[in-house]
2 protein chains.
Amino acid sequence: MKYLYLLGATGSIGVQTLDIVRANSDDFKIIAIAANKNIVKVREIIEEFSPEFVSVGYERDAIELQKSFPNISFGYGEKGLIAAATYGSIKNDLVINAVVGSAGLAPTIQAIQKGRNIALANKETLVIGGELITKLIKKHNVSLIPIDSEHSAIMQCINGEETSSIKRIIITASGGSFRDLTRNELKNVTVKDALKHPNWSMGSKITIDSATMMNKGLEVIEAHYLFGVDYDKIETVLHKESVIHSLVEFHDTSIIAHLGNPDMRVPINYALHYPKRTSYSGKSLDFIQLGSLHFEELSVTRFPLLKMAIEAGKSKGLNPTTLNAANEASVGLFLNGKISFIQIEEIIQECLNAFDNDLDVTLDKIMKRDIEVKNYVLLKYS
Amino acid sequence: MKYLYLLGATGSIGVQTLDIVRANSDDFKIIAIAANKNIVKVREIIEEFSPEFVSVGYERDAIELQKSFPNISFGYGEKGLIAAATYGSIKNDLVINAVVGSAGLAPTIQAIQKGRNIALANKETLVIGGELITKLIKKHNVSLIPIDSEHSAIMQCINGEETSSIKRIIITASGGSFRDLTRNELKNVTVKDALKHPNWSMGSKITIDSATMMNKGLEVIEAHYLFGVDYDKIETVLHKESVIHSLVEFHDTSIIAHLGNPDMRVPINYALHYPKRTSYSGKSLDFIQLGSLHFEELSVTRFPLLKMAIEAGKSKGLNPTTLNAANEASVGLFLNGKISFIQIEEIIQECLNAFDNDLDVTLDKIMKRDIEVKNYVLLKYS
């Protein structure tokens with residue numbers, strides 16, 4: 001039995017994580033959950049999974065829930081999120097971090113310091129906190145298992161082989177909602193258009209990040225920290241079918257790839273059961289029906305945010321935080337109709353110019369920079 | 001330092017094995033070689049690699065060679081082949097069996113009984129001797145590492161994961177020289193046409209086997225014994241680019257694939273260095289240049305030998321030997337212009353009808369049946 005602490009329980013990854021828990025009720029027990037505003041769903045999860053601790057975004061919701069469930073402990077806000085990640089003292093436990101955005105960093109750090117293994121869907125944890133997290137992981141000897149389909153794929157391709165034998169990692173990209181549009185055609189796209197991802201059903205933030213290709217840039221940074229591989233060994237390729245989830249070439253020119261239907265429950269199932277591969281009832285890929293797979297160059301002229309993100313990653317320090325905060329804020333503004341799609345990348349470039357880098361990173365500095373950049377964007381553009 | 005015993009040293013796999021040995025001279029030492037009639041090449045190999053023991057096909061060649069190389073021991077024929085596989089008593093050794101046809105079985109058995117690890121390019125060893133070999137491998141606790149590109153791929157995809165977690169193995173097939181011809185168009189094809197494999201540069205026997213699809217059938221049987229997976233979990237797919245060398249689906253719907261340019265030195269390099277993956281200077285696959293990969297059904301109507309081979313494999317006993325011997329003999333007759341391409345499959349079917357199965361297999365029975373079937377075919381058709 002593995003004991004689970006699920007952060008972001010009502011989001012897309014959270015709900016699919018609960019699907020896997022439901023299908024493997026002998027293997028898992030939900031001890032704590034954290035969510036934000038979707039209290040209807042929080043109530044459903046409590047009824048079904050009987051967690052011991054629940055955190056929500058706001059105090060008023062926590063108070064209301066406490067009345068309905070007197071035997072459960074409740075928390076709220078940032079502190080509640082951390083409390084959910086660090087609740088209790090049971091061993092053989094796993095924190096599933098499916099929080100959206102920079103808010104995911106602090107609870108990851110606290111959970112690692114408690115000696116807990118982490119299943120990570122919150123890529124911002126590594127994008128903005130990669131330098132801190134890699135040190136902590138070593139110090140506390142815990143596992144960090146990716147839930148991103150690309151990184152789960154890479155982990156399964158490496159499968160214990162030595163990092164020194166890796167020649168390159170190739171991360172595939174579907175191209176997102178606007179893959180087939182020119183940059184000129186991007187000027188008048190709508191939020192509704194942007195939210196139509198061709199292959200994956202995901203939350204709105206990551207769907208926009210896929211359309212701007214920021215998501216792929218963040219994934220390159222994430223891969224760098226997860227697998228300890230230099231940036232010059234991490235490539236990207238446009239692969240519109242999203243069937244090859246990523247590939248690893250070794251120094252003997254052997255390439256190992258992970259393939260499957262686009263279904264986030266596969267990497268979730270893998271991360272939850274890790275290190276044991278356990279069956280999942282999903283649909284097998286049908287190669288005859290599929291017919292063909294395609295590869296194209298992922299152009300940094302067409303997708304400038306890809307290059308911008310990788311450059312920010314390479315420059316280390318607070319630059320990845322500036323990039324990520326500017327992206328979170330501007331994607332929020334785009335989703336609320338305040339700015340155009342093309343302005344997302346303009347605002348991120350503006351922030352990278354406006355905020356100096358600082359190579360000496362601490363959690364406090366990261367969180368301070370995160371707020372500063374978001375405030376800068378919101379004040380100027382909302 | 002690993003000590004090598006190379007059977008089939010002058011053939012396609014043998015020559016490419018020597019390329020790998022040459023490029024890794026600190027890792028390997030050739031102790032013994034066996035070849036057949038290409039004495040010019042045998043002399044070159046002796047000059048370059050200084051083996052202690054050399055076996056050739058015929059006594060007269062052995063006598064001539066002995067005059068030129070008085071410090072080397074020579075053998076010839078079947079006994080010489082076995083002597084090359086079992087020569088000396090050095091530890092950390094590896095027999096590379098790149099013999100063509102059923103002649104590869106006896107030396108494999110003797111080498112295993114001596115406690116030697118085997119790198120196997122001779123698929124007939126497992127096709128006709130699979131039941132015997134799997135028992136011996138366990139008994140003597142040796143490694144059997146495939147050199148076939150498909151089986152090397154499958155081994156790398158499994159990479160230590162449990163056999164019970166394998167949902168299916170998918171072996172890819174290029175389609176061979178006559179992939180795009182109808183069965184009617186096969187009637188008048190020439191030997192020259194048949195030897196033009198679209199992707200791989202290989203020996204003539206296996207190139208014909210690729211065109212008839214017998215090769216894929218033999219590979220299914222080989223995979224069954226190598227990986228201990230039931231026949232109903234082994235599939236084949238037509239993949240004309242030969243870039244995906246094979247795939248393994250696990251019970252969580254994750255598919256792991258091995259990709260690369262078609263270059264037999266990659267699986268040879270892997271087998272020779274196993275269990276350590278060591279660098280190879282070959283060309284990396286360029287996905288942008290590649291553009292796309294295709295998959296089609298491998299039709300058993302178009303390629304009846306695929307089904308015939310798998311059925312023979314499933315029926316066990318001496319049927320696989322009958323199938324293989326009929327194939328070796330008829331491919332030889334085709335290469336010598338005695339029969340038409342389409343007669344190959346007719347003769348194999350005829351032999352499977354003419355010779356009874358016997359489920360109680362021994363090496364003697366296998367070798368006896370092998371000769372009986374070959375004689376039957378040669379007497380009737382040459």
Side-chain angles (χ1 to χ4, degrees), chain A residues 20 152-153 156-162 164-168 170 172 235 237-239 241 243-245 247-261 263 265-267 269-270 273 276-298, chain B residues 20 152-153 156-162 164-168 170 172 235 237-239 241 243-245 247-261 263 265-267 269-270 273 276-298:
Chain A
I20 298 298
S152 179
Q156 292 177 56
C157 291
I158 297 176
N159 198 14
E161 299 215 32
E162 289 170 25
S164 61
S165 72
I166 297 173
K167 190 167 182 180
R168 57 177 174 151
I170 308 165
T172 54
E235 298 178 9
V237 68
L238 188 59
H239 165 54
E241 290 89 1
V243 156
I244 301 185
H245 299 139
L247 313 94
V248 175
E249 180 174 345
F250 294 95
H251 60 179
D252 67 347
T253 76
S254 281
I255 297 175
I256 303 291
H258 181 282
L259 299 83
N261 286 309
D263 178 351
R265 280 167 291 216
V266 177
N269 185 61
Y270 185 81
H273 286 100
K276 190 173 158 54
R277 192 188 288 281
T278 304
S279 66
Y280 168 61
S281 61
K283 211 177 150 214
S284 288
L285 194 61
D286 182 335
F287 284 91
I288 311 304
Q289 197 186 345
L290 185 66
S292 59
L293 296 172
H294 295 83
F295 308 96
E296 290 171 63
E297 193 193 347
L298 195 55
Chain B
I20 297 298
S152 179
Q156 293 178 56
C157 292
I158 296 175
N159 199 13
E161 299 214 33
E162 287 168 27
S164 61
S165 72
I166 297 172
K167 192 169 182 179
R168 56 177 174 151
I170 307 165
T172 54
E235 298 179 7
V237 68
L238 188 59
H239 165 53
E241 290 89 1
V243 155
I244 301 185
H245 300 140
L247 314 92
V248 176
E249 180 173 346
F250 295 95
H251 60 178
D252 66 347
T253 75
S254 282
I255 297 174
I256 303 292
H258 182 281
L259 299 82
N261 287 309
D263 179 351
R265 280 167 291 217
V266 176
N269 185 61
Y270 185 82
H273 286 99
K276 189 171 160 55
R277 191 188 289 281
T278 304
S279 65
Y280 168 62
S281 61
K283 212 177 149 212
S284 289
L285 194 62
D286 181 336
F287 285 92
I288 310 305
Q289 200 187 341
L290 185 66
S292 59
L293 297 173
H294 295 84
F295 308 96
E296 288 172 63
E297 194 193 346
L298 194 55

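Convention: sequence-line order gives letters A, B, ...; per-chain numbering from 1. Computed from heavy atoms alone, side chains included, the values below leave out hydrogens, waters and symmetry copies.
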Check step by step if side chain to side chain contact (heavy atoms under 4.5 Å, CB included) holds for B:Asp252 and A:His273.
CA-CA 11 Å; B:Asp252 66 347; A:His273 286 100; over 6 Å; no
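Going from atom NE2 of B:His251 over to atom OG1 of A:Thr278 covers 5.5 Å, rounded to the nearest 0.5 Å. Separating the CZ atom in A:Phe287 from the CD atom in B:Glu249 is a distance of 8.0 Å, to the nearest 0.5 Å. Rounding to the nearest 0.5 angstrom, the gap separating the NZ atom in B:Lys276 from the CD atom in A:Glu161 is 10.5 Å. Atom CD of B:Glu296 and atom OG of A:Ser292 lie 10.0 Å apart (nearest 0.5 Å). Atom-to-atom distance recorded for B:Lys167:NZ and A:Ser279:OG is 9.0 Å, nearest 0.5 angstrom.
Between A:Leu285 and the choices B:Leu247, B:Ile255, B:Thr253, the side-chain contact (heavy atoms from CB on, under 4.5 Å) rule is met once, by B:Ile255.
Of the two parts of B:Arg265, neither the backbone nor the side chain holds a non-hydrogen atom closer than 4.5 Å to a non-hydrogen atom of chain A. Heavy atoms of A:Leu238 lying under 4.5 Å from chain B are absent altogether. Only the backbone of A:Ile158 comes within contact range of chain B, with at least one heavy atom under 4.5 Å from a heavy atom of that chain. With a 4.5 angstrom heavy-atom cutoff, B:Asn269 touches chain A only via side-chain atoms. With a 4.5 Å cut-off on non-hydrogen atoms, B:Lys283 touches chain A through its backbone but not through its side chain. Neither the backbone nor the side chain of B:Glu235 comes within contact range of chain A; no heavy atoms are under 4.5 Å apart.
In terms of heavy-atom pairs under 4.5 Å with chain A, the best-connected choice from B:Phe250, B:Tyr280, B:Phe295 is B:Phe295. Contact count versus chain B (heavy atoms, under 4.5 Å) is highest, among A:Asn261, A:Ile170, A:Val266, A:Val243, for A:Val266. Counting heavy-atom pairs closer than 4.5 Å to chain A, the top-ranked of the candidates B:Asp263, B:Ile288, B:Ile244, B:Val237 is B:Ile288. Per-residue heavy-atom pair counts under 4.5 Å with chain B were compared for A:Gln156, A:His258, A:Arg277, and the maximum is reached by A:Arg277.
Residues passing the side-chain hydrogen bond (donor to acceptor under 3.5 Å, both in side chains) test with B:Glu162, sequence neighbours excluded: B:Ser164.
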